[in-house]
Number of protein chains: 2
Amino acid sequence: METSADLFKELKSFSEPELQKEILKHGKIIKAKKGDILIREGQYLNFLPIVIKGLLRVYQENEDREILLYYVGPEQTCMMSLSAAYFDYYSTANGIAIKPSEILVLPAHLIAEWQLKYPSWNKFILKTFKSRYDELLSAFGNVAFKPIQIRVKDYFSEYFKNEGSKKIPVSHQTLANDLGTTRVVISRILKQFEKENLVKLHRGYIELLY
Amino acid sequence: METSADLFKELKSFSEPELQKEILKHGKIIKAKKGDILIREGQYLNFLPIVIKGLLRVYQENEDREILLYYVGPEQTCMMSLSAAYFDYYSTANGIAIKPSEILVLPAHLIAEWQLKYPSWNKFILKTFKSRYDELLSAFGNVAFKPIQIRVKDYFSEYFKNEGSKKIPVSHQTLANDLGTTRVVISRILKQFEKENLVKLHRGYIELLY
DNA sequence: AAATATGTGTATCAAATGATACACTACTGA
DNA sequence: TCAGTAGTGTATCATTTGATACACATATTT
């Protein structure tokens with residue numbers, strides 16, 4: 001179990017000691033294994049999850065396909081949960097842990113209360129709204145205007161920017177799920193990229209050659 | 001020019017008398033003609049526009065195409081402006097008046113101030129974030145998963161739901177711009193719909209037969 | 001070692017979408 | 001009235017994307 005010191009080493013955003021006390025008082029830490037589904041579309045949410053460690057993937061799904069909305073990393077929360085919990089509504093997306101994760105869970109009613117009391121909390125809430133919106137907007141523009149090939153390249157660039165590695169540890173299926181298309185389409189494009197010497201393909205990961 | 005009584009007849013959301021006074025003190029009303037471009041992509045925004053009368057269209061554009069993000073009607077504000085003004089940032093979309101409009105313009109720095117002072121203002125801000133996010137999310141899912149034909153039908157349903165009329169006053173080009181495709185594609189689909197007796201086509205408007 | 005699940009390569013076909021070109025009509029403003 | 005602009009119809013062709021099917025390889029589990 002986390003000690004409170006450990007917890008606040010991770011949660012740098014919340015500077016007010018009062019707020020920290022409140023978090024300790026009302027929050028619960030839960031652990032999720034890789035693959036645990038934490039939020040389902042349609043589910044009523046009366047709690048707000050803030051990731052301490054690990055990574056969540058939030059996505060929408062259709063009958064046969066899915067598409068990535070965003071990832072939730074440490075010190076972040078999920079727009080779906082925030083909006084659903086704040087307005088007492090249900091989620092319109094799914095959330096799954098893709099790494100073993102530790103998550104701070106707060107009762108929904110506190111979101112609005114704290115927002116008026118603690119500036120750093122208010123800032124956190126608005127930052128979340130803004131940055132998730134920006135991400136979604138950018139994804140939207142991409143899906144509307146860019147061919148999949150470009151979106152795959154963008155995906156690689158994004159990964160490289162964030163992780164600094166040219167070995168991208170995703171299967172073709174995962175890539176297809178993130179980009180909202182099918183595995184065959186991705187395999188075809190990747191093979192083409194390999195012919196153009198842009199990448200080298202391996203089982204389970206893709207190596208960038210540029 | 002609006003009298004203050006007229007103004008607050010329109011702005012029912014802001015109930016606190018204090019807030020109303022502040023709005024009168026700091027706000028300016030501007031008028032826009034149909035076709036006036038109010039916000040451009042890349043523009044720094046240090047003001048927040050709230051529509052009193054009329055309608056704005058907020059959209060993203062690519063070299064040769066554009067796509068609708070949302071409309072801003074009376075008593076609403078634009079997510080782009082809100083987010084850009086709140087965080088002192090630039091707009092990532094364009095806004096144009098598509099009806100003659102009257103717009104209340106507020107200095108950006110007041111957004112955060114008022115948010116802590118006036119609950120109705122805070123609610124307005126968060127509602128805006130949430131509902132614009134929801135709209136965008138839904139549009140995203142549609143673009144990612146639904147064929148254009150369905151999106152055209154959805155567009156008609158949406159219009160009928162909001163306006164109650166089966167005469168949809170859009171040109172093919174406008175429809176194409178809203179849905180992020182080209183005019184020829186729309187004309188083709190509409191002709192097909194007409195053959196199936198779903199619509200009757202006229203110059204400048206489309207009549208629903210269902 | 002056998003069984004099972006996951007990952008990859010690839011061919012074939014169909015459908016959706018986009019690009020381009022041109023004709024024609026209706027409206028608008030000088 | 002004439003010219004210009006916006007709106008519409010439609011054909012042709014290329015490209016992109018998706019659906020389906022199957023082979024085979026590599027991991028994992030029992």
Side-chain angles (χ1 to χ4, degrees), chain A residues 33-35 61-67 96 98 141-156 167-207, chain B residues 33-35 57 61-67 96 98 141-156 167-208:
Chain A
K33 290 189 306 294
K34 181 173 168 175
E61 68 184 347
N62 207 237
E63 300 94 63
D64 48 347
R65 273 190 262 165
E66 54 181 55
I67 191 164
I96 186 174
I98 57 172
N142 290 342
V143 171
F145 296 130
K146 295 191 186 174
I148 301 184
Q149 297 180 15
I150 304 294
R151 292 170 52 216
V152 171
K153 285 183 186 170
D154 288 352
Y155 187 101
F156 292 160
K167 295 191 177 176
I168 320 240
V170 288
S171 72
H172 298 185
Q173 184 62 61
T174 303
L175 202 41
N177 288 342
D178 281 1
L179 297 179
T181 182
T182 60
R183 200 271 307 170
V184 183
V185 171
I186 294 295
S187 293
R188 185 194 293 156
I189 287 171
L190 288 178
K191 208 64 201 170
Q192 185 55 34
F193 284 179
E194 194 174 49
K195 275 182 198 148
E196 297 166 9
N197 276 311
L198 296 172
V199 302
K200 191 159 189 308
L201 301 180
H202 308 266
R203 185 188 177 87
Y205 71 99
I206 297 151
E207 192 182 349
Chain B
K33 290 189 305 295
K34 182 174 168 174
R57 176 176 183 275
E61 68 184 348
N62 208 236
E63 300 95 62
D64 48 346
R65 274 191 260 164
E66 53 181 57
I67 192 164
I96 185 175
I98 57 172
N142 289 342
V143 172
F145 296 130
K146 294 190 185 175
I148 300 185
Q149 297 179 15
I150 304 295
R151 292 170 53 216
V152 171
K153 286 182 185 170
D154 287 353
Y155 188 99
F156 292 160
K167 294 190 178 175
I168 319 238
V170 287
S171 72
H172 298 185
Q173 183 62 60
T174 304
L175 202 42
N177 287 343
D178 281 1
L179 297 179
T181 182
T182 60
R183 202 269 309 168
V184 183
V185 171
I186 294 295
S187 293
R188 185 194 293 155
I189 287 171
L190 289 177
K191 208 65 201 171
Q192 185 55 34
F193 285 178
E194 194 174 48
K195 274 182 198 147
E196 296 166 10
N197 277 312
L198 295 173
V199 301
K200 189 160 190 309
L201 300 181
H202 306 265
R203 185 187 177 87
Y205 70 99
I206 297 152
E207 192 183 348
L208 303 184

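Numbered from 1 within each chain, the chains take letters A, B, ... in sequence-line order.
Between Asn177(B) and Arg57(B), some side-chain heavy-atom pair lies under the 4.5 Å cut-off. Contact check for Ile67(A) versus Val143(A): side-chain heavy atoms found under the 4.5 Å cut-off. Side-chain contact between Phe156(B) and Leu198(B): absent, with no pair of heavy atoms (C-beta onward) separated by less than 4.5 Å. In this structure, the side chains of Ile206(A) and Leu201(A) come closer than 4.5 Å at one or more pairs of heavy atoms. Between Arg188(A) and Lys191(A), the closest side-chain pair of non-hydrogen atoms is not below 4.5 Å. You'll find the side chain of Val152(A) reaches within 4.5 Å of the side chain of Phe193(A), heavy atoms only. Within the 4.5 Å cutoff, the side chain of Lys146(B) has heavy atoms near those of the Asp154(B) side chain.
The nearest whole Å value for the distance from the CG atom in Leu175(A) to the C1' atom in dG9(C) is 16 Å. Taking atom CG of Asn62(A) as the reference point, atom C1' of dA19(D) lies 15 Å away to the nearest angstrom. Atom CZ in Arg65(B) sits roughly 10 Å away from atom C1' in dA19(C) (whole-Å rounding). At whole-Å resolution of the value, CD1 in Ile206(B) and C1' in dG9(D) are 14 Å apart. In this entry the distance linking CD of Gln192(A) with C1' of dT17(D) reads 15 Å, nearest Å. Taking atom CD1 on Ile189(A) and atom P on dT8(C), their separation rounds to 15 Å, with Å as the unit. Distance, Phe145(A) CZ to dG18(C) C1': 14 Å, rounded to whole Å. A straight line from CD1 of Ile150(B) to C1' of dA16(C) spans 13 Å, rounded to a whole angstrom.
Between Tyr155(B) atom OH and Asp178(B) atom CG the span is 3.5 Å, to the nearest 0.5 Å.
Comparing the helix axis at one end of the helix from dA1(C)-dT30(D) to dA30(C)-dT1(D) with that at the other, each defined from 5 consecutive pairs, gives an inter-axis angle of 40° (nearest 10°).
Of the residues in residues 176-187 of chain B, Arg183(B), Val184(B), Ser187(B) come within less than 4.0 Å of DNA chain D through at least one heavy atom, sorted by number.
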Determine, for nucleotides 25-30 of chain D in 5'-to-3' order, which nucleotides have protein heavy atoms under 4.0 Å from the base (write B), from only the sugar-phosphate (write S), or from neither (write -). BBS---
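Among the nucleotides dT17(C), dA19(D), dG18(C), the one closest to any side-chain atom of Arg188(A) is dA19(D).
Sequence order on DNA chain D of the closest nucleotides to Gln149(A) and Leu201(B) puts Leu201(B) first from the 5' end.
Remark: side-chain polar atoms of Arg65(A) are paired, donor with acceptor, to backbone N or O of Gly180(A) under 3.5 angstrom.
Nearest heavy-atom pair across Leu179(B) and Arg151(B) is O-NH2, 2.6 Å. Taking all atoms of both residues into account, the shortest heavy-atom contact from Tyr205(A) to Lys167(A) is CE1-CD, 3.8 Å.
At a threshold of 4.0 angstrom between heavy atoms, the contacts of Ile148(A) are confined to the sugar-phosphate backbone, with no base atom among them.
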